[in-house]
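Structure record follows, encoded as structure tokens.
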Protein chains: 2
Amino acid sequence: MRRTKSESEETRQRILDAAETVFLDVGVSRASLERIATEAGVTRGAIYWHFANKKELLEAIIGRVHGRHQAVVARTFEGGAEPLQKVLDWALEVIEAFATEEHTRKVYTIIVTRCEYVGEMQQARRLQQTMHDTMAANFQSAFEAAEAAGQLAEGWNAASASITLQCFMSGLLDNWLRYDFDADVAKKLRAGLASLMASFRAGAGLAALASVSPDEGGGTT
Amino acid sequence: MRRTKSESEETRQRILDAAETVFLDVGVSRASLERIATEAGVTRGAIYWHFANKKELLEAIIGRVHGRHQAVVARTFEGGAEPLQKVLDWALEVIEAFATEEHTRKVYTIIVTRCEYVGEMQQARRLQQTMHDTMAANFQSAFEAAEAAGQLAEGWNAASASITLQCFMSGLLDNWLRYDFDADVAKKLRAGLASLMASFRAGAGLAALASVSPDEGGGTT
DNA sequence: ATATATACAAACACTCATGTATGTAAAGGG
DNA sequence: CCCTTTACATACATGAGTGTTTGTATATAT
């Protein structure tokens with residue numbers, strides 16, 4: 001009955017997929033390893049072989065999206081585009097990801113509304129904090145560059161713009177996942193983002209709005 | 001041993017206080033009624049007398065802050081002030097409440113990071129959604145009034161401004177509670193809010209910033 | 001003054017998840 | 001070809017929490 005190395009990796013992934021489903025369904029604490037095992041077509045023995053406990057399962061799940069997130073950040077922030085454009089591109093990509101990739105939505109829903117960050121699970125929270133801090137740092141430096149180039153509108157500075165966009169994006173995702181936004185709201189969100197970014201831009205007229213294409217729609221569930 | 005009616009109400013409140021403490025400490029699902037009872041100086045019998053189960057305990061806790069929140073909304077939105085000023089006042093009051101009242105912070109921390117909204121607990125989520133919708137409706141009508149009065153800056157409309165501020169405030173509180181902001185960040189938050197509100201205001205110069213007093217500080221934990 | 005409902009405490013019965021220990025068949029290295 | 005390790009399945013031991021039932025002293029209504 002022993003599996004080959006690649007088969008083993010396959011069951012590992014199946015366990016992770018099953019864990020996502022069950023975590024989303026009944027929450028992390030109520031999710032029994034027995035149910036996850038059944039959903040993955042294995043026994044608890046398999047889970048305990050690949051992971052020490054439920055906490056490590058959750059961390060592995062977060063790790064998978066962490067990697068994808070890093071890739072997006074790298075792609076948008078390491079180009080040679082104008083700083084404000086980079087930030088906008090990043091925000092649009094994030095919204096796009098949430099609108100189109102159910103997998104992304106699933107995992108973040110678990111993170112936001114299906115887990116209690118207490119005891120051992122606090123380590124998982126620190127993993128999120130790392131992602132958060134990375135994002136904040138990228139915002140900060142992008143807005144500083146914009147400020148230095150005189151591209152920030154009057155009334156804003158790097159710090160205030162950075163923290164404002166950070167809160168806006170966090171709140172956007174939080175509301176999205178917590179209250180199950182429909183496609184209609186998704187459009188309003190893009191409009192809000194467009195207006196906000198326009199207000200950051202020095203000498204911004206309605207011209208800046210054109211860079212956001214508000215006619216692409218994305219459904220939620 | 002039987003208590004008088006007011007004594008009974010007193011123990012009810014003690015149970016709620018204890019539940020808050022324990023929920024915050026170990027999360028809603030890990031919180032055993034036994035531990036809550038001990039913390040309140042009673043037995044589980046007392047809890048089951050006052051509440052049907054853990055879910056009703058949580059709902060009662062949320063209900064307490066729900067009432068306070070409604071009071072703040074009524075106070076700020078039912079006045080005769082200018083619509084944008086009402087919104088700003090409300091936002092500042094919320095930030096102030098989170099900065100100064102540990103109790104408010106405790107309960108919202110439970111709501112945001114110590115509860116899994118699944119199964120019976122979904123009802124508790126609906127309670128939040130009600131609060132959220134109330135807030136959104138107030139924003140919407142305030143910004144519509146501002147738009148009608150020509151007080152909204154170019155680039156914004158009632159819908160985009162409303163959803164932007166809504167996301168900003170949600171994200172602000174979410175980040176605050178999730179990542180334990182320090183007093184330094186609290187200042188940046190006020191600055192961000194000031195800039196954002198200023199950008200909403202038609203013909204806004206730096207004058208509008210004066211209405212926010214950024215020198216009042218509030219610590220977190 | 002007594003009967004009843006109240007406000008709990010104490011005891012019981014039951015489920016269910018967790019961690020670990022042991023079994024085992026096949027993969028893969030030498 | 002054999003030995004070891006891998007990749008699980010199975011079995012076991014244990015604890016912890018929940019809902020309910022029963023007991024009881026006393027406030028309160030009549």
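Not measured: the values here are computed from a predicted model. All values below come from the heavy atoms of this structure, side chains included, with hydrogens, waters and symmetry mates left out. Proteins come first, then strands; the chains are lettered A, B, ... in the order of their sequence lines, and each starts at number 1.
A donor-acceptor pair shorter than 3.5 Å cannot be found between the side chains of A/Gln70 and A/Arg75. Side chains of A/Asp133 and A/Gln129: a donor-acceptor N/O pair is absent below 3.5 angstrom, by distance only.
Taking only side-chain nitrogens and oxygens, A/Trp49 comes nearer than 4.0 Å to OP1 or OP2 of D/dA7. Between A/Thr4 and C/dG28 there is a side-chain N or O to OP1 or OP2 distance below 4.0 Å. At least one side-chain nitrogen or oxygen of A/Ser8 sits closer than 4.0 Å to the OP1 or OP2 atom of D/dC8. Put simply, B/His50 has a side-chain N or O that comes within less than 4.0 Å of OP1 or OP2 on C/dC8.
Donor-acceptor pairing under 3.5 Å, judged by distance alone, is present between the side chain of A/Arg2 and the base of C/dA27.
Nearest nucleotide to the side chain of A/Thr43, out of C/dA7, C/dG19, D/dT10: D/dT10. For A/Lys5, whose side chain is taken as the heavy atoms from C-beta onward, the closest listed nucleotide among C/dC8, D/dA7, D/dT18 is D/dA7. In the set C/dA7, C/dT18, D/dC8, C/dA7 carries the atom at the smallest distance from any side-chain atom of B/Arg3. Of the candidate nucleotides C/dC8, D/dT18, D/dC8, D/dT18 has the atom nearest to the side chain of B/Tyr48.
Atom CG of B/Leu57 is separated from atom C1' of D/dG17 by 15 Å (rounded to the nearest Å). When the P atom of C/dA27 is taken as reference, atom CD of A/Glu7 falls 8 Å away, rounded to whole Å. Following rounding to the nearest Å, B/Glu9 (CD) and D/dA27 (C1') show an atom-to-atom distance of 17 Å. Note: CD (A/Glu10) to P (D/dC8) measures 10 Å, nearest angstrom. If you measure from atom NZ of B/Lys55 to atom C1' of D/dT18, you get 16 Å, rounded to the nearest angstrom. Taking atom CD1 of A/Ile36 as the reference point, atom P of D/dC8 lies 16 Å away to the nearest angstrom. In this entry the distance linking CZ of B/Arg30 with P of C/dT18 reads 11 Å, nearest Å. A/Gln13 places its CD atom 12 Å from the P atom of D/dC8, with the value rounded to the nearest Å.
Nucleic acid contact class of B/Ala40 (heavy atoms, under 4.0 Å, all strands): none. A/Ala37 comes within 4.0 angstrom of nothing in the nucleic acid, heavy atoms only.
The 5' end of DNA chain C is approached more closely, in terms of each residue's nearest nucleotide, by B/Arg12 than by the other of B/Arg12 and B/Arg44. Each of B/Gly45 and B/Ser6 has a nearest nucleotide on DNA chain D; the 5'-most of these lies closest to B/Gly45.
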Derivation of the ring-ring contact (aromatic ring centres under 6.0 Å, His included) call for A/Trp176 and A/Tyr108 | CA-CA 10 Å; A/Trp176 194 332; A/Tyr108 276 92; over 10 Å; no

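Note: B/Met197 CE to B/Asp89 CG = 9.0 Å, rounded to the nearest 0.5 Å.
Relative orientation of the A/Phe77 and A/Trp90 rings is tilted, given thresholds of 30° and 60° on the angle between their planes.
Shown are A/Arg35, A/Lys106, A/Arg30, A/Arg114; of these, the salt bridge (Lys or Arg N to Asp or Glu O under 4.0 Å) with A/Asp25 is made only by A/Arg35.
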